[in-house]
Amino acid sequence: MKGIYDKVVDLATRRGFFWPSSRDIYAGAPAGFYVYGPLGLRMKEKIVSLWRRKIIIPEGVHEIETPNVLPLKVFEASGHLEHFFDKLVECRRCHSRFRVDKLIEEELGITENLEGLSDDSLLKLIYDNEIKCPKCGALNWTDIKKFNLMFTISVGAETDEPNAALRPETTQGSVVEFRKSFMVMRGKLPFALAQIGRVFRNEISPRRALIRMREFQQLEVHIFFDPEDPDEVYEDRLEPLLDYKLRFLRREDRETGKIVEMTAREGLETGYTINKLITYWLVIYQKFFNEALGFPLERLRYRELIEGEKAHYALAHWDLEIYTDDLGWVELVNNAYRTDYDLSGHMKVSGNDLSVQSNDGTRKVLPHLYEPSIGLDRVIFHELMVAYREDGERTWLQLPRYLAPVEVGVFPLLRRDGLPERAREIYNELIEKGFIAFYDESGSIGRRYRRMDEIGTPVCVTVDHQTLEDNTVTMRDRDTMKQIRVPITRLPEKISRFLNSNVPIEELID
RNA sequence: GCGGCCGUAGUCUAGCCUGGACAGGAUGCCGGCCCUCCAAGCCGGAGACCCGGGUUCAAAUCCCGGCGGCCGCACCA
């Protein structure tokens with residue numbers, strides 16, 4: 001018996017949501033790169049536009065777009081270079097891996113900087129001091145291997161040495177452009193930027209379809225705020241949400257896996273969620289994933305990261321995770337309080353002052369950064385996982401109606417008696433009204449319904465003989481297979497109401 | 001990147017051990033027939049041995065290497 005995961009991957013490939021890049025033609029294409037087919041791309045666009053409509057615009061966030069390629073200097077400042085080029089050795093006996101500098105520092109108790117040393121001197125240090133594998137006690141190390149998790153490139157004709165890299169996160173673009181954006185938009189703190197962008201990580205082992213890729217897409221918001229006054233603006237916005245229950249896996253519940261429900265108020269009062277700004281964003285992201293993207297609350301949690309798991313820049317860090325039986329808990333959103341780590345790094349490396357004026361004009365402020373970062377591809381994959389249904393008879397995707405890549409199927413019941421012509425007219429009308437419609441007259445009517453079910457099309461309109469007599473058509477619901485009959489003139493209005501709500505189809509009857 | 005298992009049409013699979021003729025089937029897909037509402041039936045069609053090298057008169061089959069997939073470890077900034 002195959003799991004849902006395999007079925008979703010099959011369905012996605014078969015019906016054109018996504019598939020691995022280049023494989024059909026060039027064997028041996030590297031893993032971790034995916035093509036979005038027409039259906040997947042449309043879903044992606046719908047999710048992006050939902051995020052814009054529900055988060056970016058109402059929250060007054062300024063969306064910008066920065067290049068994928070940035071100079072290495074940027075990543076020196078951000079700390080990525082240091083953390084991306086870890087030097088590791090592996091124990092030949094038990095295959096455990098260790099960072100060379102950590103190993104030496106811990107075993108010899110020295111704290112001096114080992115960064116300047118060559119690989120040979122580091123190895124010599126290990127063998128001279130007979131540093132054994134902390135796990136199995138063997139003294140049999142591999143050569144030092146470098147982990148280069150960024151894609152570095154050489155920009156310009158005369159350069160051989162890498163001088164730039166594909167960005168591993170969109171954040172640095174926003175940080176580097178923060179001050180400029182703040183100025184041109186006549187900003188006040190807190191000041192929020194957003195980016196939709198592709199990012200690149202040379203993962204050691206890309207796996208699980210869209211879950212771990214080497215090129216993927218992030219939807220990030222970067223909120224720069226005055227650490228001495230983070231709450232002013234958020235006081236009012238948070239007020240009506242204070243009783244909203246956030247779901248946390250706290251660090252102390254890690255062992256038991258117990259999820260604690262904590263109202264926004266409790267989070268604030270106990271200091272767990274730090275300040276109003278962060279609390280507010282935790283609330284609206286949980287709400288967005290639950291209410292807009294349609295993930296059930298019981299499948300969602302904020303997992304508090306502990307030391308060692310947290311990114312090098314983060315003071316506090318929660319992953320918004322989703323649960324499926326096949327994949328367990330998977331991170332969808334990385335919510336990090338990065339303090340002024342990034343801005344001060346860029347100040348140091350570039351020598352430029354990146355601080356701005358406080359709102360009352362009395363202080364210079366180096367803002368802190370809070371960043372919720374959505375892994376878009378994982379969201380799409382989980383929409384499919386959570387929506388997948390089968391009952392032995394039928395396979396269908398119970399997607400939120402407004403996220404379905406095809407919104408309405410239009411069919412003639414039979415391919416004669418003028419039914420196809422009438423159906424095409426209706427199809428054209430719906431297209432003109434802005435619906436994503438799909439016309440199909442091949443095979444039997446049942447087969448066409450099933451095909452639409454399989455890609456999650458919420459409603460199908462069928463033209464039959466009665467249509468020719470009284471200008472009514474049937475509307476058929478994907479989830480219940482129930483049908484109602486409506487006048488063609490009312491069709492756009494009915495479909496629109498159906499797509500943008502959860503009402504049962506029967507309620508559309510006048 | 002390490003270890004284990006694995007790689008035949010979109011998907012599932014027969015053949016591989018024991019080398020031999022156009023690689024067989026199911027489903028899906030495309031065209032047609034039939035058809036008054038949920039993958040019916042009939043006719044026709046396109047579609048595959050992961051890649052490279054080796055052994056051999058002959059390789060889907062045996063050997064080596066690479067790539068990819070799953071699981072575990074590590075990694076996930």
Side-chain angles (χ1 to χ4, degrees), chain A residues 2-3 5-7 9-16 19-33 37 75 78-86 88 90-99 135 142 145-150 168-169 171-172 199 201-209 211-214 216 305 308-314 317 319 326 330-331 334 336 338 341 375 392-396 411-417 419 442-454 460-468 473-474 476-478 480-483 485:
Chain A
K2 271 182 158 182
Y5 169 83
D6 293 304
K7 288 175 180 177
V9 171
D10 283 357
L11 176 69
T13 309
R14 198 168 69 240
R15 302 308 305 270
W19 57 83
S21 165
S22 310
R23 290 286 165 67
D24 289 351
I25 300 189
Y26 294 105
F33 299 95
F75 301 111
S78 68
H80 284 101
L81 268 189
E82 185 191 333
H83 294 273
F84 264 66
F85 291 93
D86 286 347
L88 303 185
E90 185 173 320
C91 169
R92 283 208 172 94
R93 194 207 280 175
C94 71
H95 297 299
S96 301
R97 295 195 134 147
F98 303 91
R99 272 177 58 178
K135 221 173 190 174
T142 59
K145 298 173 185 176
K146 269 195 198 123
F147 270 80
N148 183 349
L149 297 182
M150 271 197 297
E169 59 174 22
T171 316
Q172 295 314 316
V199 298
R201 300 179 186 182
N202 196 3
E203 295 286 353
I204 297 166
S205 58
R207 260 178 212 183
R208 289 182 166 168
I211 302 299
R212 174 159 310 167
M213 300 196 287
R214 288 185 164 131
F216 59 101
L305 300 197
E309 291 175 333
K310 284 193 291 193
H312 60 273
Y313 47 68
H317 200 156
D319 283 347
D326 281 30
V330 171
E331 170 195 354
N334 182 296
R338 302 173 70 129
Y341 178 91
E393 183 93 347
R394 210 161 65 99
T395 298
W396 74 105
F411 314 136
L413 182 60
L414 298 173
R415 213 169 359 166
R416 64 173 200 218
D417 303 335
L419 298 183
S442 79
S444 70
I445 186 76
R447 183 179 294 257
R448 289 177 239 153
Y449 285 143
R450 297 299 160 89
R451 275 201 280 248
M452 288 294 101
D453 290 341
E454 208 180 19
C460 291
V461 169
T462 298
V463 170
D464 56 17
H465 286 95
Q466 193 179 331
T467 307
L468 303 180
V473 290
T474 60
R476 178 255 195 198
D477 172 30
R478 168 194 71 195
T480 62
M481 298 194 284
K482 284 185 185 151
Q483 286 182 309
R485 189 164 270 282

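Here is the naming used below: chain letters follow the sequence lines, and residue numbers restart at 1 for every chain.
Minimum interatomic distance between A:D326 and A:Y5 (heavy atoms only, all atoms of both residues): OD2-N, 2.7 Å. Across all non-hydrogen atoms, the minimal contact from A:F75 to A:P168 is CE2-CD, 3.4 Å. What you find for A:P206 and A:G32 is that their closest heavy atoms are CB-CA, 3.7 Å.
Between A:R207 atom CZ and B:rC6 atom P there is a gap of 17 Å when expressed in whole angstrom units. Counting to the nearest Å, the P atom of B:rG28 and the NZ atom of A:K7 are 17 Å from each other. Rounded to an integer number of Å, the gap from CG of A:N202 to P of B:rC76 is 14 Å. Protein atom CZ of A:R485 is 10 Å distant from nucleotide atom C1' of B:rC37, rounded to whole Å. Straight-line distance from the CG atom of A:L11 to the P atom of B:rC12: 13 Å, rounded to whole Å. Atom CZ in A:R214 sits about 15 Å away from atom P in B:rC76, given to the nearest Å. Atom CG of A:D6 and atom P of B:rC6 are 17 Å apart (whole Å). Between A:D326 atom CG and B:rC71 atom C1' there is a gap of 13 Å when expressed in whole angstrom units.
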When Watson-Crick pairs (N1 to N3 and N6-O4 or O6-N4) and G-U wobble pairs (N1-O2 and O6-N3) count only below 3.5 Å on both distances, what is the dot-bracket string of RNA chain B, with | for other-strand pairs? (((((((..((((......[...)))).(((((.......)))))....(((((..]....))))))))))))....
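Mapping A:G32 and A:T13 onto RNA chain B by nearest heavy atom places A:T13 closer to the 5' end of the strand. Toward the 5′ end of RNA chain B lies the nearest nucleotide of A:D464, the other residue of the pair A:E169 and A:D464 mapping further downstream.
The side chain to side chain contact (heavy atoms under 4.5 Å, CB included) check on A:L11 picks up A:R14, A:R15, A:Y388, A:L397, A:E454, with sequence neighbours excluded. Applying the side chain to side chain contact (heavy atoms under 4.5 Å, CB included) criterion to A:R212, with sequence neighbours excluded, gives A:E203. Legend: residues meeting side-chain hydrogen bond (donor to acceptor under 3.5 Å, both in side chains) with A:R485, ordered by chain and number and at least two apart, are A:D464, A:Q466, A:T472.
Across B:rC70, B:rU36, B:rU11, the shortest atom-to-atom separation from the side chain of A:Y5 is found for B:rC70. The side chain of A:P30 has B:rG68 as its nearest neighbour among B:rU11, B:rG68, B:rU36.
Atom CE of A:M481 sits about 7.5 Å away from atom CH2 of A:W396, to the nearest 0.5 Å.
Inter-residue side-chain proximity for A:R394 and A:R450 is flagged as met; some heavy-atom pair is nearer than 4.5 Å. Side-chain contact between A:T171 and A:R338: present, with at least one pair of heavy atoms (C-beta onward) separated by less than 4.5 Å. When side chains are defined from C-beta on, A:L468 counts as touching A:L419, because their heavy atoms get closer than 4.5 Å.
Side chain of A:R476 to backbone of A:C460: no donor-acceptor contact under 3.5 angstrom is found. A donor-acceptor contact shorter than 3.5 Å links the side chain of A:R214 to the backbone of A:A31. The backbone N or O of A:P412 lies less than 3.5 Å from a partner atom in the side chain of A:R448, making a donor-acceptor pair.
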Report each atom pair, protein N/O against N/O of nucleotides 31-33 of chain B, whose distance is under 3.5 angstrom.
none

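B:rA60 and B:rG19 are spaced 10 Å apart, taking the C1' atom of each and rounding to whole Å. Annotation: B:rC49 and B:rA23 have their P atoms spaced 11 Å apart (nearest Å). For B:rU56 and B:rC63, the P atoms lie 16 Å apart once the distance is rounded to whole Å. Here, B:rG28 and B:rA9 have their C1' atoms 11 Å apart, quoted to the whole Å. Here the separation of B:rU27 from B:rA48, taken at their C1' atoms, is 15 Å to the nearest Å. Nucleotides B:rA40 and B:rU36 have their C1' atoms positioned 15 Å apart, rounded to a whole Å. Remark: the separation of the P atoms in B:rG47 and B:rG7 is 25 Å, to the nearest Å. Remark: the separation of the C1' atoms in B:rA59 and B:rU8 is 14 Å, to the nearest Å.
Contact annotation: A:R208 reaches the phosphate of B:rC71 (side-chain N/O to OP1 or OP2, under 4.0 Å).
Heavy atoms of A:F75 sit nowhere under 4.0 angstrom from any nucleic acid atom.
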Base contacts versus sugar-phosphate-only contacts with protein, heavy atoms under 4.0 Å: please encode nucleotides 38-49 of chain B as B, S and - from 5' to 3'. BBS---------
